[in-house]
Amino acid sequence: MRVPELDWPATAAQARAEQDRLRPLVRTTGSLPEPLRTVAGLDVAYGDDDRLAAAVVVLDANTLAPVDRATSVGVAAFPYVPGLFAFRELPALLAALAALTTVPDVLVCDGHGLAHPRRFGLACHLGVLLDRPAIGIAKTPLSGRHDPPGRQRGDGSPLLDDGEQFGCALRTRDDVKPVYVSVGHRLDLAAACTLALRLTPRYRLPETTRRADRLCRDALAAASD
DNA sequence: GCGACAG
DNA sequence: ATCTTGTCGC
């Protein structure tokens with residue numbers, strides 16, 4: 001798929017300014033495309049000295065069978081700074097997306113969307129740059145507070161910041177630690193949670209990120225020798 | 001000022 | 001993220 005090429009910030013201050021510039025472009029409404037055909041999962045694996053490999057897998061939304069995939073290897077574009085995570089992984093992810101032969105209906109990121117200190121996590125950033133529906137599903141919270149959700153799959157508890165909900169701690173398996181779902185772009189939170197549950201028929205983490213995780217690890221290992 | 005802090 | 005053994009449970 002076609003991806004934009006952009007100049008990259010050199011400092012944390014520039015990166016935050018870029019987030020502030022793009023944040024107003026986020027759209028927090030929208031339901032899942034009808035019909036929903038494909039869903040993409042994205043992830044990055046790290047090696048020595050900032051070497052990294054990014055992977056995108058595209059799954060059939062109904063069967064969760066893989067229909068397309070792409071990887072890219074390179075060097076981290078930014079140090080890891082909580083809240084500026086996107087600047088580290090985005091260039092590699094965009095390179096992988098550019099190698100895709102299909103255009104997925106929704107992008108699922110391994111990280112947060114609106115559940116971010118400045119309301120502009122990786123899923124928002126990617127969604128806005130590509131102007132595609134996107135959501136974030138993270139393994140741990142970054143900002144905000146929440147009560148523990150009920151213990152059953154499907155139970156959720158709002159992620160709150162100043163009494164405002166900007167995400168959901170969602171239980172994807174009975175009696176298993178919740179994941180943190182938030183809107184990236186062009187979808188509402190209900191759609192994001194519905195999709196998260198569709199992607200977790202068996203494990204805590206969505207099939208999209210599980211597949212992408214394996215693929216980027218393999219790509220990193222293959223790039224080593 | 002002191003912790004907390006996606007991956 | 002990544003470095004890592006054993007161990008509990010289906």
Side-chain angles (χ1 to χ4, degrees), chain A residues 8 12 15-16 18-19 22-23 26 40-57 71-96 107-129 134-146 151 153 159-162 166-170 172-185 189 192 196 200-206 208-221 223-224:
Chain A
W8 218 237
R16 292 193 190 92
E18 179 71 348
Q19 291 181 326
L22 295 174
R23 182 182 46 214
V26 174
L42 305 95
D43 195 19
V44 175
Y46 293 88
D48 295 323
D49 195 49
D50 276 1
R51 286 188 324 105
L52 57 74
V56 186
V57 295
T71 61
S72 77
V73 294
V75 174
F78 211 79
Y80 173 67
V81 180
L84 299 180
F85 177 55
F87 294 94
R88 187 167 173 75
E89 302 197 334
L90 262 178
L93 290 172
L94 289 173
L107 307 172
V108 179
C109 299
D110 185 25
H112 293 105
L114 293 177
H116 173 279
R118 281 174 301 282
R119 301 291 182 275
F120 197 74
L122 173 63
C124 297
H125 206 142
L126 197 61
V128 165
L129 288 186
I135 70 171
I137 302 182
K139 296 180 280 295
T140 63
L142 172 60
S143 65
R145 310 165 40 271
H146 69 89
R151 53 199 303 251
R153 164 175 161 84
L159 256 178
L160 302 172
D161 199 21
D162 310 318
F166 62 127
C168 183
L170 181 67
T172 56
R173 309 297 308 161
D174 290 356
D175 297 313
V176 169
K177 217 192 331 180
V179 297
Y180 298 84
V181 180
S182 60
V183 168
H185 189 48
L189 184 56
T200 52
R202 170 117 204 232
Y203 299 103
R204 174 191 179 229
L205 297 181
T208 37
T209 67
R210 287 171 48 79
R211 294 266 188 175
D213 179 78
R214 274 182 31 175
L215 184 56
C216 63
R217 287 188 197 230
D218 291 348
L220 187 65
S224 301

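From a predicted model like this one, the values you see are computed outputs, not experimental measurements. Note on naming: letters A, B, ... go to the chains in the order of the sequence lines (proteins, then strands), and numbering restarts at 1 for each one. Worth knowing before you read on, the calculation uses all heavy atoms, side chains too, and leaves out hydrogens, waters and symmetry mates.
Residue A:D48 contributes atom CG, which lies 12 Å from atom C1' of C:dA1 at whole-angstrom precision. Distance A:D213 CG to C:dA1 P: 7 Å, rounded to the nearest Å.
Considering only residues two or more places apart in sequence or on other chains, A:A221 meets the side chain to side chain contact (heavy atoms under 4.5 Å, CB included) condition with none of them. For A:R151, the salt bridge (Lys or Arg N to Asp or Glu O under 4.0 Å) partners at least two apart in sequence or on another chain are A:D175.
Within 4.0 Å of A:R217, counting heavy atoms only, lie sugar-phosphate atoms of the nucleic acid but no base atom.
The CD1 atom of A:I137 sits 7.5 Å away from the OG1 atom of A:T200 when rounded to the nearest 0.5 Å.
Salt bridge annotation for A:D110-A:K139: present, with a cationic side-chain nitrogen under 4.0 angstrom from a carboxylate oxygen. Ion pairing between A:D213 and A:R217 holds under the 4.0 Å rule for side-chain N and carboxylate O.
Contact annotation: the side chain of A:H185 never approaches that of A:L129 to less than 4.5 Å [non-hydrogen atoms, C-beta and beyond]. Using a 4.5 Å heavy-atom cutoff, the side chains of A:Y180 and A:L142 are not in contact. Contact annotation: the side chain of A:T209 never approaches that of A:D43 to less than 4.5 Å [non-hydrogen atoms, C-beta and beyond]. The shortest side-chain heavy-atom distance between A:L126 and A:C109 falls under the 4.5 Å cut-off.
Contact between A:Q19 and A:F120 at its shortest, heavy atoms only, is NE2-O, 3.6 Å. Heavy-atom minimum distance, A:V73 versus A:A223: CG1-CB, 3.9 Å.
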Yes or no on side-chain contact (heavy atoms from CB on, under 4.5 Å) for A:H112 and A:S143, after CA distance, side-chain angles and deciding distance? CA-CA 10 Å; A:H112 293 105; A:S143 65; over 6 Å; no
Which nucleotides of nucleotides 4-10 of chain C have their base under 4.0 Å from a protein heavy atom (B), which only their sugar-phosphate (S), and which neither (-), written as one string 5' to 3'? -------
Any chance you could list the contact pattern along nucleotides 2-7 of chain B? Use B for base contacts, S for sugar-phosphate-only contacts and - for none, protein heavy atoms under 4.0 Å, 5' to 3'. ---BBB
Where each pair must be Watson-Crick or G-U wobble with both distances under 3.5 Å, what dot-bracket representation of DNA chain B is obtained, with crossing pairs in [ ] and other-strand partners as |? .......
Output field dot_bracket for DNA chain C (Watson-Crick or G-U, both distances under 3.5 Å, | for other-strand pairs) contains ..........
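Of the residues A:H116, A:R145, A:R119, the one that meets the side chain to side chain donor-acceptor pair (under 3.5 Å) test with A:D161 is A:R119.
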